[in-house]
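Below is one structure; the comments refer to it alone.
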Amino acid sequence: QAPTDYIVGSILTGTGPDSGPQEFRTVPNLFEYAAAGRYETVFCTTQAAWRGFLTDLRMIGDTADRTVWLTDPEPARNRHMSIDRNAVALLRKWREAGSLSGRKLVVLKLMGNHEGNITPPPELAAANPGMDEYSLSLLYFDETLRQLVEEMKQCPDLAAILYLPDHGKNYVTEEKIPFLIHLSDRFRRAHPELERKLRKELSKPFMSADVFRIMLELLGVSNPDMQI
C-alpha cells in the first residue's frame, strides 16, 4: 500500500519512484514554482484528521499562500467521505467572494472513499435498492466531484481542472485508475497546441514526475531540471 504522504508529496514535487522520503524537503514544490510564475496558491485538504502523520504533505501544503486544513464540528465527519462536501461549500464561498479570480492555483486533497468511511446516506440507499454499500459510496463521491467541478467551472478565469484519484492505481489488483483533465474553452482556444499534446499524454501511463511536468506546463511555468 502506497501511503498518501509519499504519493501526493511526489506529485507535488515531481520526485520519482526511487526518491527517498527526505527528498521532498530538498526540492522546490508546485506551489513554489507557481509563485515564481506570479500565481497566488491555495491548498485545502479535508484529511485534517490524518494531519498527525501526513508530515511531508503538511510541509508542502503550508508553503501555499493560503492553506486550509478543513475540519467539521461533528467529529465523525472528519474521517468520513461526506466531509468533502465541506470543500464544495468552501470553494463556493471563495468563488462568490471573488477570491478565485485572477492567477490562482487551487489544489484540493480530498478524503474520498476509504474502507471504513463509506457509509452512504439512507436516502441514497433508498433510491438505489439492492446496491451494495461501496457502490453507493461511489455514487455519493461522484456527486461530490460533480459539485466541485461545477463550482470551478463558474470561476471566470478557469483554465483547467486536473483530477487524480488517490494513488493512481488499485494497489491490490494493479488496475489503472483514470487521470482526467478538463480544459476550459477559453484555455483551449488560447493554447491549441497544448491541448493536442495533452491528448497524446493521456494515453500513456503516468508517474508522479509526469503529472508534475504537465501541471507546470498548464501553468506556463518552466522547470529548468525537466524537459517540457
Side-chain angles (χ1 to χ4, degrees), residues 4 7-8 11 42-51 54 57 61 66 68-100 104-173 175-185 187-188 198 202 206 211 215 218:
T4 294
I7 293 296
V8 178
I11 287 172
V42 180
F43 176 73
C44 174
T45 180
T46 53
Q47 283 196 317
W50 304 95
R51 188 173 179 176
L54 294 180
L57 185 56
R66 186 191 311 175
V68 180
W69 295 82
L70 200 59
T71 58
D72 191 90
E74 184 180 338
R77 288 196 73 208
N78 288 314
R79 289 179 179 267
H80 191 269
M81 64 176 178
S82 61
I83 193 175
D84 290 333
R85 296 288 172 94
N86 290 30
V88 177
L90 182 62
L91 205 66
R92 181 178 303 120
K93 178 182 176 181
W94 286 343
R95 177 181 60 77
E96 291 176 346
S99 60
L100 294 181
K104 297 287 194 305
L105 167 67
V106 181
V107 176
L108 303 177
K109 174 68 178 79
L110 303 179
M111 174 67 76
N113 297 55
H114 288 75
E115 202 66 40
N117 81 335
I118 61 173
T119 307
E123 58 270 22
L124 189 61
N128 297 274
M131 185 174 287
D132 64 274
E133 184 181 66
Y134 188 72
S135 296
L136 287 169
S137 78
L138 292 178
L139 286 180
Y140 182 91
F141 189 65
D142 282 351
E143 173 61 17
T144 301
L145 289 177
R146 187 195 67 77
Q147 292 180 21
L148 278 169
V149 169
E150 285 305 309
E151 289 300 326
M152 288 184 260
K153 283 184 175 180
Q154 293 182 65
C155 294
D157 304 305
L158 173 69
I161 300 166
L162 281 73
Y163 172 60
L164 292 82
D166 208 5
H167 308 306
K169 69 176 181 179
N170 185 317
Y171 60 83
V172 176
T173 66
E175 290 175 305
K176 300 295 186 295
I177 301 175
F179 169 43
L180 306 178
I181 299 177
H182 166 79
L183 301 177
S184 70
D185 291 339
F187 188 85
R188 291 165 63 186
L198 288 174
L202 285 173
F206 282 88
V211 175
M215 289 191 287
L218 286 170

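Atom set for the values below is all heavy atoms of this structure, side chains included, hydrogens, waters and symmetry mates excluded.
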Straight-line distance of Leu145 CG to Leu180 CG, nearest 0.5 Å: 9.0 Å

Pairing residues for Ala159 by the side-chain contact (heavy atoms from CB on, under 4.5 Å) criterion, not counting sequence neighbours: Phe187

Set of salt bridge (Lys or Arg N to Asp or Glu O under 4.0 Å) partners for Arg188, sequence neighbours left out: Asp185, Glu195

Met111 CE to Asn86 CG distance, which is reported to the nearest 0.5 Å: 10.5 Å

Output a table of donor-acceptor pairs, distance under 3.5 Å, between side-chain atoms of residues 150-158 and any protein atom two or more places apart or on a different chain; print 'none' if there are none.
unit_1	atom_1	unit_2	atom_2	d
Glu151	OE1	Arg95	NE	2.8
Glu151	OE1	Arg95	NH2	3.0
Glu151	OE2	Arg92	NE	2.8
Glu151	OE2	Arg92	NH2	3.2
Gln154	NE2	Glu150	O	3.4
Asp157	OD2	Gly102	N	2.5

Value rounded to 0.5 Å, distance of CG in Leu138 from CE in Met81: 8.5 Å

Passing candidate, side chain to side chain contact (heavy atoms under 4.5 Å, CB included) with Asp72, options Arg79, Arg77, His80: Arg77

Audit row: Asn113, Ser137, side-chain hydrogen bond (donor to acceptor under 3.5 Å, both in side chains) steps and yes/no: CA-CA 7 Å; Asn113 297 55; Ser137 78; 2.7 Å; yes

Shortest non-hydrogen separation from Pro75 to Pro73 and the atoms involved: CD-O, 3.2 Å

Parallel, tilted or perpendicular: rings of Phe43 and Trp69 (30°, 60°): perpendicular

Donor-acceptor under 3.5 Å (Asp84 side chain, Gly112 main chain): yes

With sequence neighbours excluded, residues passing salt bridge (Lys or Arg N to Asp or Glu O under 4.0 Å) with Glu143: Arg146

Residue pair Leu124 / Leu136: nearest heavy atoms and the distance that separates them: CD2-O, 3.3 Å

Contact check, side chains of Ile161 and Ile181, non-hydrogen atoms, under 4.5 Å: no

Flag side-chain contact, heavy atom, 4.5 Å: Pro120 against Met131: no

For Asp142, side chain to side chain donor-acceptor pair (under 3.5 Å) partners two or more places apart: none

Gap between atom SG of Cys44 and atom CH2 of Trp94 - 0.5 Å precision: 5.0 Å

Residues that Tyr140 engages under ring-ring contact (aromatic ring centres under 6.0 Å, His included), provided they are two or more places apart: none

Trace of the side chain to side chain contact (heavy atoms under 4.5 Å, CB included) decision for Leu100 with Val106: CA-CA 8 Å; Leu100 294 181; Val106 181; 3.9 Å; yes

Sole candidate of Leu110, Leu90, Leu108 that passes side chain to side chain contact (heavy atoms under 4.5 Å, CB included) when paired with Leu70: Leu90

Closest non-hydrogen atom pair between Leu218 and Leu162, with its separation: CD1-CD1, 3.2 Å

Listed partners of Arg85 passing salt bridge (Lys or Arg N to Asp or Glu O under 4.0 Å), at least two apart: none

Test item: Asn78 side-chain N/O and Thr71 main-chain N/O as donor-acceptor pair under 3.5 Å: no

Pairs touching residues 120-135 that satisfy salt bridge (Lys or Arg N to Asp or Glu O under 4.0 Å), sequence neighbours left out: none

Under the side chain to side chain donor-acceptor pair (under 3.5 Å) test, residues paired with Ser184 that sit two or more places apart: none

